[in-house]
Amino acid sequence: MTELRYLPDADDVTTFTATVTEADQDAVFLDGTYFYPEGGGQPADRGVLEWDGGIADVTDVRKDHGDVRHAVDIRDGEPPTEGTTVDARIDGDRRRAVSRMHTAQHVVSRVVLEEYGASTAGNQVYPDRARIDFEPASFDADDLEEIERHSNEAIERDLPVVKENRPRPEVEAEVDEGRALLDMIPDSVDPLRVVEIEGFDMCPCGGTHASSLGELGGITITDTVSKGEDVERLEFELEDEPR
Ligand SMILES: [Zn+2]
């Protein structure tokens with residue numbers, strides 16, 4: 001088992017050391033990692049692993065039967081042997097961009113639930129953009145302006161973002177319908193890692209996020225796409241600089 005060290009609240013860590021448990025030309029497994037493995041609508045981190053006698057680019061990160069597989073492109077040297085200590089560096093700019101975007105996704109999802117009663121059916125974030133599928137939903141131009149305005153008001157309030165493990169029954173009792181796909185999380189997962197934007201939103205989520213909304217730039221909705229009778233996709237971007 002690879003320990004997921006970014007959970008529950010170390011998702012700002014981008015340099016660390018760890019011990020190799022298994023490695024070959026294509027992949028490195030560690031006893032613990034801060035690299036985010038693709039999942040939950042968030043892409044994998046990128047970065048570098050360095051050890052005595054070698055260096056490799058991390059080109060992809062995936063969960064693999066309880067372990068985390070760091071796909072590598074070895075630039076120099078032989079693959080590290082079991083027990084080797086590696087110095088790891090996550091691409092911090094990319095991680096921060098994705099974390100801000102993922103946090104903005106929570107903000108927009110909450111605003112749309114609050115104002116239009118639509119649930120988040122799916123989402124995908126990237127370093128430079130994000131999309132969310134809402135259901136049931138159909139937005140006109142005025143709606144989009146409203147969603148943008150409410151989202152940016154929340155960002156300007158610079159609300160703290162708390163990430164912590166909480167007992168599953170407590171989360172199930174407190175989370176609003178439409179803000180959690182609890183059926184998709186196996187019953188055995190307890191406690192649940194939750195992300196709470198204080199006084200604004202709470203949902204179970206395993207991704208990486210900003211520590212306060214003040215880290216985000218302003219949200220601009222760039223497009224909407226109808227994805228079927230009741231599903232509408234919103235696409236948005238963030239300003240580079242915090243407001
Ligand atoms: Zn999240």
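In each ligand, atom 1 is the first atom listed, and ligand 1 is the first ligand listed.
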Problem - Asp67 side-chain N/O to Thr2 backbone N/O, donor-acceptor pair under 3.5 Å - result: yes
Handout entry: Check: Ser211 side chain, Val161 main-chain N or O, donor-acceptor pair, under 3.5 Å
Key = no
Practice task
With sequence neighbours left out, write down each residue that passes side chain to side chain donor-acceptor pair (under 3.5 Å) with Arg69, or none if nothing qualifies.
Solution key: none
Fill in the blank from the handout: Taking 2.8 Å as the strict upper bound, the Zn ion (ligand 1) has protein N, O or S neighbours numbering 4
Distance-only donor-acceptor hits, side chain of residues 78-86, under 3.5 Å, sequence neighbours excluded:
residue	atom	partner	partner atom	Å
Thr81	OG1	Thr84	OG1	3.2
Thr84	OG1	Thr81	N	3.3
Thr84	OG1	Thr81	O	2.7

Handout entry: Check: Gly41 main-chain N/O paired with Gln124 side-chain donor or acceptor under 3.5 Å
Key = yes
Exercise for the section: Return the set of residues passing ring pair (Phe, Tyr, Trp, His ring centres under 6.0 Å) with Tyr116 (not counting sequence neighbours), or none when no residue passes. Expected result: Phe139
